[in-house]
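In what follows, a structure is listed as structure tokens, so that the remarks can point back to it.
Lettering of chains follows the sequences in order, A, B, ..., and the numbering in each one begins at 1.
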Amino acid sequence: MNESPHSDAYRPEPEQELSDQERRRREELVLLRARGIDPYPAEAFEVSAHAAEILARYRDPETGDAEGQVPPEARWYVSVAGRIMSQRIMGKAMFFHIQDETGRIQIYARRDELGAEFYDEVLKKLFDIGDIVGVRGWVFRTRTGEISVHATEVKLLAKALRPLPLPKEKDGKIYHAFRDKEQRYRLRYVDLIVNPHVREVFRKRARMIRTIRDFLDARGYLEVETPVLQPIYGGATARPFVTYHNALDMPLYLRIADELYLKRLIVGGFEGVYEIAKDFRNEGMSRFHNPEFTMLELYVAYKDYYWMMGLVEEMLETVALSLHGSTRVPVGDRWIDFRRPWPRVEFFTALREATGRELYGLSREELARVARELGVQVEPSMGAGKILDELFSTFVEPACIQPTIVMDYPLELSPLAKRHRSKPGLVERFEVICNGKELCNAFSELNDPIDQRERFLEQARLRAQGDEEAMQIDEDFLRALEYGMPPTAGLGVGIDRLAMIMTNQESIRDVILFPHMKPESASPPASASGQQQDQEVPC
RNA sequence: GAACCCGUAGCUCAGCUGGUAGAGCAACGGCCUUUUAAGCCGUGGGUCGCAGGUUCGAAUCCUGCCGGGUUCACCA
């Protein structure tokens with residue numbers, strides 16, 4: 001790796017900046033080396049067992065008797081590695097816990113077995129909570145019943161120079177937990193070390209995605225990768241991040257959706273394609289929004305949105321069963337039940353039930369008047385679609401806690417969806433609303449190239465009127481449609497929001513390992529205001 | 001982008017109608033060979049987010065800035 005110039009913000013300051021605990025740990029490095037102990041040894045440490053495995057296997061009362069009752073030749077010797085998480089030193093013997101990926105196991109170490117000098121001068125004085133060690137020894141059960149490893153060797157594998165914000169625990173209750181959100185998100189590695197439930201959230205998230213992938217693969221759909229850098233962004237209404245390609249001397253956009261590329265693949269003859277990937281939207285941040293977020297998009301040829309409803313129901317029910325062993329998922333102080341089938345309600349019916357007003361067929365002016373009567377602010381720039389969208393998210397969405405399929409959206413809101421087969425002014429589109437938020441969005445895809453061009457032109461008109469989020473005309477996509485796309489059903493699922501529900505987390509930051517944060521220290525890189533940065537970046 | 005709340009030791013927090021900082025855990029020294037929020041005795045550690053202002057005196061009051069949280073707006 002190159003030597004790169006540190007910015008002032010990140011250059012570590014010498015001694016004075018360090019806390020007393022950090023200074024002491026750095027001094028210990030010197031003392032360790034003086035004794036011939038490398039605090040960062042190169043060689044591998046062979047691990048023969050993990051904490052959870054030891055606890056599980058030794059639970060057997062036949063082998064789980066107190067030390068001394070298992071003859072030496074019958075002992076189970078193990079080699080474990082992990083981070084020291086607690087220490088109790090009692091003169092000539094000590095206990096400590098180490099934590100590996102699976103959990104914690106207690107270690108018992110005695111001076112008369114490890115050597116007086118090593119025990120007194122190294123283990124007691126130079127090993128700290130947070131250090132990573134390897135331990136060899138045999139498994140036994142202590143007088144108080146805790147399954148532990150009786151150490152015959154303790155080896156330092158990596159010295160920790162910073163103290164851990166360690167919570168205390170008694171009778172299952174956690175004291176002084178590390179819970180400052182800013183610190184937890186910025187120092188996610190520390191969060192993961194000291195907060196086991198955080199590790200569990202991300203294991204569940206991984207299992208969720210694995211389940212979805214297996215579900216789609218089992219049906220023969222092809223997982224693909226499409227461009228993140230796009231010359232024209234499309235597939236959703238949102239403001240993009242702009243970047244710059246130096247060699248081509250042109251701006252590029254980070255994708256806001258995969259949709260238009262995946263449909264090109266359907267034109268190309270694949271009959272089912274999906275992508276689970278990051279999209280990027282240059283919008284505000286909140287506990288439901290991160291600038292980069294994960295989306296599943298799926299397109300299946302020769303299907304329509306009715307078929308897709310069934311698929312989504314089955315897929316999310318499968319996810320719930322996989323993670324919870326039940327279709328019922330705890331979210332906050334209630335349960336969400338993904339058991340099929342879910343209620344289905346038409347967009348305008350839902351609005352009518354929520355507001356007591358019939359809005360289907362009303363003109364823009366009539367909608368604006370009704371909206372104002374209902375206390376919803378209407379800007380002059382808002383079209384009919386925008387007003388309906390506003391009413392929907394005010395009156396319908398928050399009330400949908402259990403998974404609900406809302407179908408048949410107004411045409412103006414859906415420039416990529418096919419016109420409804422029988423209802424004028426509507427499109428064959430549905431959303432799954434769950435826990436008061438949109439979770440999925442799906443249509444019978446618009447495959448009429450002439451109609452698609454008209455929809456794009458309408459978007460262009462909105463854009464000309466100042467709607468920054470209106471879609472751009474993508475001539476290449478239109479060309480692809482002109483070659484002919486089979487009737488196709490498409491689906492988008494917000495993976496982060498699904499993860500929030502499935503892991504019972506209130507903020508999207510709790511299901512994204514490294515959520516976006518403002519820089520810690522004052523000055524962001526100069527010229528951050530411009531989006532046409534073309535400085536050479538050394539790499 | 002707006003409103004409200006928050007920022008004190010490594011962590012969790014107290015102190016805030018002004019008088020130059022405290023607790024528990026963590027750390028350091030000592031005792032302790034089955035402890036587990038180990039225990040007992042002793043010790044150190046903070047330019048109270050940053051910068052200004054008011055005042056004899058500011059962690060405390062005022063202003064601005066930085067960062068975070070929540071709600072709203074935009075959106076998924």
Side-chain angles (χ1 to χ4, degrees), chain A residues 16 18-25 27 66-68 85-97 104 106-114 119 125 128-130 140-146 148 150 160-187 190 194 236-239 256-257 279-295 377 379 386 389-390 393 397 431 433 437-441 467-469 492-498 500 506-509 517-524:
Chain A
Q16 291 149 325
L18 300 176
S19 69
D20 57 338
Q21 296 193 43
E22 290 170 292
R23 266 197 301 277
R24 194 187 56 73
R25 285 171 184 244
E27 287 160 12
E67 181 178 15
M85 298 300 280
S86 70
Q87 253 181 336
R88 289 173 295 282
I89 299 174
M90 293 159 305
K92 300 181 186 65
M94 66 188 289
F95 289 91
F96 55 95
H97 279 94
R104 294 185 186 183
Q106 182 171 256
I107 310 296
Y108 177 54
R110 300 165 58 117
R111 183 165 82 164
D112 58 6
E113 292 169 344
L114 297 177
Y119 181 90
K125 291 194 174 158
D128 294 304
I129 289 176
F140 76 109
R141 193 184 291 269
T142 65
R143 192 178 289 165
T144 52
E146 180 165 351
S148 306
H150 189 131
L161 296 184
R162 291 172 181 262
L164 282 176
L166 260 194
K168 283 290 172 187
E169 204 179 327
K170 184 178 187 174
D171 304 330
K173 282 169 79 176
I174 309 278
Y175 299 80
H176 313 116
F178 177 61
R179 60 179 175 218
D180 180 281
K181 285 189 176 177
E182 178 177 2
Q183 295 303 321
R184 285 187 44 226
Y185 300 146
R186 286 194 196 283
L187 312 182
V190 174
V194 304
T237 51
R239 284 154 60 188
I256 59 173
D279 289 343
F280 306 84
R281 297 190 186 175
N282 208 338
E283 312 274 2
M285 289 158 61
S286 79
R287 68 192 184 94
F288 295 102
H289 302 89
N290 198 60
E292 56 180 283
F293 62 102
T294 304
M295 181 87 107
Q377 262 202 314
E379 307 295 336
K386 204 85 165 174
D389 194 29
E390 191 64 31
S393 48
E397 267 191 18
E431 290 193 351
I433 314 290
K437 282 279 166 186
E438 178 192 337
L439 196 58
C440 311
N441 186 19
D467 185 348
E468 285 183 78
E469 289 172 353
V493 180
I495 291 294
D496 309 285
R497 289 186 178 177
L498 183 60
M500 286 168 67
E506 293 184 339
S507 171
I508 198 166
R509 294 188 179 102
M517 302 285 278
K518 288 192 193 177
E520 278 178 86
S521 45
S523 50

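- Remark: C1' of B/C74 and CD1 of A/Ile256 are 14 Å apart, rounded to the nearest angstrom.
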Show, in sequence, the C-alpha distance, side-chain angles and deciding distance for A/Arg184 and A/Leu187, and conclude whether the side chain to side chain contact (heavy atoms under 4.5 Å, CB included) test is met. CA-CA 5 Å; A/Arg184 285 187 44 226; A/Leu187 312 182; over 6 Å; no
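- Nucleotides B/U55 and B/C72 place their P atoms 43 Å apart, quoted to the nearest Å.
- Nucleotides B/G15 and B/A9, compared at atom P, are 15 Å apart to the nearest Å.
- If you take atom C1' in B/C40 and the same atom in B/U35, they sit 15 Å apart, rounded to whole Å.
- Put simply, NZ on A/Lys125 is 6 Å from P on B/G29, counting in whole angstrom units.
- Comparing B/C32, B/G44, B/A76 against the side chain of A/Lys92 picks out B/C32 as the nearest.
- Rounded to an integer number of Å, the gap from A/Glu506 CD to B/U70 C1' is 11 Å.
- Here A/Leu439 lies out of heavy-atom contact (under 4.0 Å) with every strand.
- For the pair A/Arg88 and B/U35, the criterion of a side-chain N or O lying under 4.0 Å from OP1 or OP2 is not met.
- Using modelled atom types, no side-chain atom of A/Tyr185 and backbone atom of A/Asp180 make a donor-acceptor pair closer than 3.5 Å.
- Counting non-hydrogen atoms under 4.0 angstrom, A/Gly284 reaches a base of the nucleic acid.
- Proximity note for A/Ile508 (side chain, C-beta onward) versus B/G67, B/A76, B/U33: the nearest is B/A76.
- The residue A/Arg186 sits close only to the backbone: its heavy atoms come under 4.0 Å of sugar-phosphate atoms, none of a base.
- Summarising the geometry, the separation between CE on A/Met85 and C1' on B/C11 is reported as 13 Å, rounded to the nearest angstrom.
- With distances taken from any side-chain atom of A/Ala93 to the nucleotides B/U35, B/G10, B/U33, the minimum falls on B/U33.
- A/Met295 comes within contact range of no nucleotide atom at all, as no heavy-atom separation falls under 4.0 Å.
- Atom CZ in A/Arg143 sits about 6 Å away from atom P in B/U35, given to the nearest Å.
- Comparing B/A38, B/G10, B/U12 by their closest approach to the side chain of A/Phe178 singles out B/U12.
- Residues A/Glu283 and A/Arg25 each lie close to RNA chain B; by heavy-atom proximity, the contact nearer the 5' end of the strand is made by A/Arg25.
- With hydrogens and angles ignored, a donor-acceptor pair under 3.5 angstrom links the side chain of A/Asp112 to the base of B/U33.
- Under the 30°/60° scheme for interplanar angles, the aromatic rings of A/Tyr108 and A/His150 are found to stand perpendicular.
- Nearest nucleotide to the A/Asp128 side chain, out of B/G30, B/C11, B/C28: B/C28.
- The P atoms of B/A2 and B/C13 are separated by 29 Å, rounded to the nearest whole Å.
- A cation-pi arrangement, defined by a distance under 6.0 Å to the six-membered ring centre and an angle within 45 degrees of its axis, is present between A/Lys437 and A/Phe288.
- A/Asp389 comes within contact range of no nucleotide atom at all, as no heavy-atom separation falls under 4.0 Å.
- Stacking here means ring centres nearer than 5.5 Å and ring planes tilted less than 30 degrees, and by that measure A/Phe288 does not stack onto B/A76.
- Separating the C1' atom of B/A21 from that of B/U47 is a span of 13 Å, rounded to the nearest Å.
- A donor-acceptor contact under 3.5 angstrom links the side-chain atoms of A/Gln106 to the base of B/U35.
- In this structure, of B/G45, B/C74, B/U12, it is B/C74 that holds the atom nearest to the side chain of A/Lys386.
- With a 3.5 Å ceiling on both atom-pair distances, the Watson-Crick or G-U wobble partner of B/G7 is B/C66.
- Comparing A/Arg111 and A/Gln183 along RNA chain B, the residue whose closest nucleotide (by nearest heavy atom) sits nearer the 5' end is A/Gln183.
- In this entry the distance linking CZ of A/Arg239 with C1' of B/G1 reads 10 Å, nearest Å.
- For A/Lys518 and B/G67, the shortest distance from a side-chain N or O to OP1 or OP2 is below 4.0 Å.
- Salt bridge A/Arg23/A/Glu27: absent, no basic N to carboxylate O contact under 4.0 Å.
- B/A2 and B/U71 make up a base pair, with Watson-Crick or G-U wobble contacts both under 3.5 Å.
- Put simply, CD1 on A/Ile129 and NE2 on A/His97 are 11.5 Å apart, with the number rounded to the nearest 0.5 Å.
- Nucleotide B/U43 is matched to B/A27 when pairs are restricted to Watson-Crick or G-U wobble geometry with both distances under 3.5 angstrom.
- The closest donor-acceptor contact from the side chain of A/Arg110 to the backbone of A/Lys92 lies at 3.5 Å or more, if one exists at all.
- Between A/Glu22 and A/Arg25 there is no salt bridge, since no side-chain N of the basic residue sits under 4.0 Å from a carboxylate O of the acidic one.
- Whole-Å rounding puts the A/Leu164 CG to B/C25 C1' distance at 14 Å.
- A/Glu390 comes within 4.0 angstrom of sugar-phosphate atoms only, judged by non-hydrogen atoms across all strands, and of no base.
- Of the candidates B/A26, B/U12, B/C74, the closest approach to any side-chain atom of A/Gln21 belongs to B/A26.
- Counting any heavy atom pair closer than 4.0 Å across all strands shown, A/Asn441 reaches no nucleic acid atom.
- Comparing B/G18 with B/C62, their P atoms sit 11 Å apart, to the nearest whole Å.
- The gap from the C1' atom of B/U17 to that of B/C11 amounts to 31 Å, rounded to the nearest Å.
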Residues A/Arg239, A/Arg281; criterion side chain to side chain contact (heavy atoms under 4.5 Å, CB included); working and verdict: CA-CA 6 Å; A/Arg239 284 154 60 188; A/Arg281 297 190 186 175; over 6 Å; no
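- Of all nucleotides present, none satisfies the Watson-Crick or G-U wobble test against B/G57 with each distance under 3.5 Å.
- On a pure distance criterion of 3.5 Å, a polar donor-acceptor pair joins the side chain of A/Arg110 and the base of B/U33.
- Using a 4.0 Å heavy-atom cutoff across all strands shown, A/Arg509 reaches sugar-phosphate atoms only and no base atom.
- Considering only the side chain of A/Arg287, B/U71 comes nearest among B/A27, B/G68, B/U71.
- Only the C1' atoms considered, B/C31 is 42 Å distant from B/G19, to the nearest whole Å.
- Listed nucleotides B/A76, B/U12, B/C28 differ in distance to A/Phe293; the shortest reach to its side chain belongs to B/A76.
- Contacts of A/Thr237 with the nucleic acid, taken as non-hydrogen atoms under 4.0 Å apart, involve only primed sugar atoms and P, OP1 or OP2.
- Atom CG of A/Leu114 and atom C1' of B/U33 are 12 Å apart (whole Å).
- Closest approach to the A/Glu182 side chain among B/U12, B/G67, B/A27 is made by B/G67 (side chain taken as heavy atoms from C-beta onward).
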